[in-house]
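Remarks on the structure that follows.
The figures that follow rest on heavy atoms only: side chains count, while hydrogens, waters and symmetry mates do not. Each chain gets a letter, A, B and so on, in the order its sequence line appears, and its residues count up from 1.
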Protein chains: 2
Amino acid sequence: MSTIKAVAARAGVSTATVSRALSNPEIVQPETRARVQEAIEALHYAPNHAAKSLRMLRTSKIMVMVPDVSNPFFSEVLRGAEEAAQGAGHSVLLGDTRGDETREAQYAEMLLRKEADGLIFLGHRMPPSLARVAAARGGHAPLVNACDFSAEHGVAGVHIDNSRAAAEAMGLLYSMGHRRVGVIAGPLESHLTRERLAGVERAAIAAGAERGLTIVHADYTIESGLQETTRLLAAPERPTAVFCFSDEIAVGALSACRARGVACPTGLSIVGFDDVRYARFLDPPLTTVRQPMAEIGRTAVKLLLDILAGEAAPREPVTLAHELVVRASTGPAS
Amino acid sequence: MSTIKAVAARAGVSTATVSRALSNPEIVQPETRARVQEAIEALHYAPNHAAKSLRMLRTSKIMVMVPDVSNPFFSEVLRGAEEAAQGAGHSVLLGDTRGDETREAQYAEMLLRKEADGLIFLGHRMPPSLARVAAARGGHAPLVNACDFSAEHGVAGVHIDNSRAAAEAMGLLYSMGHRRVGVIAGPLESHLTRERLAGVERAAIAAGAERGLTIVHADYTIESGLQETTRLLAAPERPTAVFCFSDEIAVGALSACRARGVACPTGLSIVGFDDVRYARFLDPPLTTVRQPMAEIGRTAVKLLLDILAGEAAPREPVTLAHELVVRASTGPAS
DNA sequence: GATGAAGATGTAAAGCATTACATAAGGGAG
DNA sequence: CTCCCTTATGTAATGCTTTACATCTTCATC
């Protein structure tokens, strides 16, 4: 490929002028600029990013670490992040960790090697090497957690009020007369799970229905939702409603109902979480807690860019609005 | 951050030795290596990637351009690609184009600026600046198309036999006695759409049912599937079956059926395409053409890495196996 | 006409790691 | 003991761009 030197030679100027013509056109004389432009086009010149990055100590890249890109929730958040990054002249480095600590550590390393200016992580675990960075720089570390925020890390974060959202979902079920309610939660290691469970319990206590509460744990996949729901349905005193911590789990729950001949919502009311794109198109359309997924992604990027721009005050975690969307998968307890 | 120079100073060796200790440990004396290692850890040294990349003229990055990350088909392919890239010591730069030519061109630029070693694109359009590269270097350009391959570009590609797959799907419907069949295809600009339509027509002719064929176009979204199916159902001689060019479209079709009180499959048989993760959990479980999504992603990366490794012969496009998966959304024509 | 400011462009250092080539030390063979 | 080969390490060039600082014009002002 051609270098800036070749362009400079062809245009009969110095490399400095070429550089200026590209990054600061108004300070070079129009005729000079035109000559440079001609040379650039003739030689198909494109500035070498590595050299630029080395010199400027910035990469214009943001690493986004997700547990599973093919999960519709994460992919929507990712999309929002990608959009915002792109809009701000950055690009997204994708890290799919599969929930694996080794992979997480590897991606975290990339930040230290300066392959990205900052990192957004969507899991609940912060790799140790990042924890060190965060500890050293506090809220100014170029790290943002999305969704599964835990204040103890001292890093910036975006999330919804998981506790309240869960309480509202449970409240809906209780208000419809359900007393035996199953909750298919995520893994307990996750801060998010614990937050939501706190909301669940609060709602159960408020409704005086703690005794009817059954909590089981799944891993957010359809299959685990199917399995746990099947188990719940087989119990002697089976629940009349389930609250699933993701729409994927809810899809599994619906599937379990069909397999056992239980109608939804008459036999079992189902509430999901996330409101992924297909939730409203399920049969029956799913009652669920909508998270503003794209907005979460965009906000995470915005926070990160603010930090990179060196904004003064350490960031408060941002809480975005959720919404309980009532559709046809919930009905009165029979 | 600390540099290799700092490490060298602390370990009492030259920077060359530090570099060797990292990339070629066996050629440095164990004691020296240990001293270097100690210094690296003490200083939390991590090699600056920009410098390395500048020097080595490689970035260890692969750009993957998708029309929409949040589409389950693309996100599965992406996941496969990410996995393979990661396994080969590369990382993935994500470009979500939203089908927008400007964005496509922007991401293509990144290849020219050497922000990535190669590019995999999942749309049907090849940005002009890449077409130039491809023309210049033929099958040796670091470009791979996944899914929507057109031989005319002269770039490497991975795909399934779309024409045959479509013919098989239609064949299933015809074998079940359907004569009036709707096809909800993708946009005609796409090579993939034209391939599949060729298969559709072949099957229709073989079944002597061309007259009963209605072809409409959607954009692969649930909403467009819903809309087109609604339209088909409203026709005076409405079809008894529809073949959708994606599972997302099929979800829309199912939704349209429910809205109009048409039972599936008794009132309308539905065939999808892709076999995304939730297809089998729909109600009824969706008959669909399975594409090996993760495998497509992995193969695309493999092809790209082969090209980057400078393998001799220009690559033949790779055709992977598909499979018609018959579930409950199809039944005999009534 | 001299002085100074403003504007345009050039010179060269800096950013950091890799590696070809040079050097030094150690060991074996003659 | 000398010479050569091997092994371990150092020296310095290289990859390409950006930008502080220097230089040179040009023009306005007194």
Using only side-chain N and O atoms of Thr17(B), determine if any of them is under 4.0 Å from OP1 or OP2 of dG10(D).
yes
NA contact type, Val18(B), heavy-atom cut-off 4.0 Å: base, sugar-phosphate, or nothing?
nothing
Separation of dT17(D) P from Ile4(A) CD1 (nearest whole Å):
5 Å
Under 4.0 angstrom, heavy atoms only, what part of the nucleic acid is Thr32(B) near: base, sugar-phosphate, or nothing?
sugar-phosphate
For side-chain hydrogen bond (donor to acceptor under 3.5 Å, both in side chains), just list the numbers for Ser53(B) and Arg58(B), CA-CA rounded to whole Å, side-chain angles, deciding distance to a tenth of an Å, and then say yes or no.
CA-CA 5 Å; Ser53(B) 168; Arg58(B) 302 183 310 105; over 6 Å; no
On DNA chain D, check which nucleotide each of Val13(B) and Leu57(B) is closest to and give me the residue with the more 5' one.
Val13(B)
CG of Asn24(A) versus C1' of dT9(C): gap in Å, rounded?
14 Å
Value in whole Å for how far the P atom of dA13(D) lies from CZ of Arg55(B):
12 Å
Between CD1 of Ile27(B) and C1' of dT6(D) the distance, given in whole Å, is 13 Å
Whole Å only: how far is the CD atom of Glu31(A) from the C1' atom of dT9(C)?
13 Å
Starting at CZ of Arg58(A) and ending at P of dA14(C), how long is that distance when rounded to a whole Å?
21 Å
Can you identify which nucleotide, out of dT19(D), dA20(C), dT17(D), has its nearest atom closest to the Arg20(B) side chain?
dA20(C)
Whole-Å distance separating the NZ atom of Lys114(A) from the P atom of dC16(C)
9 Å
Send over the distance from Gln29(A) CD to dT26(D) C1', rounded to a whole Å.
11 Å
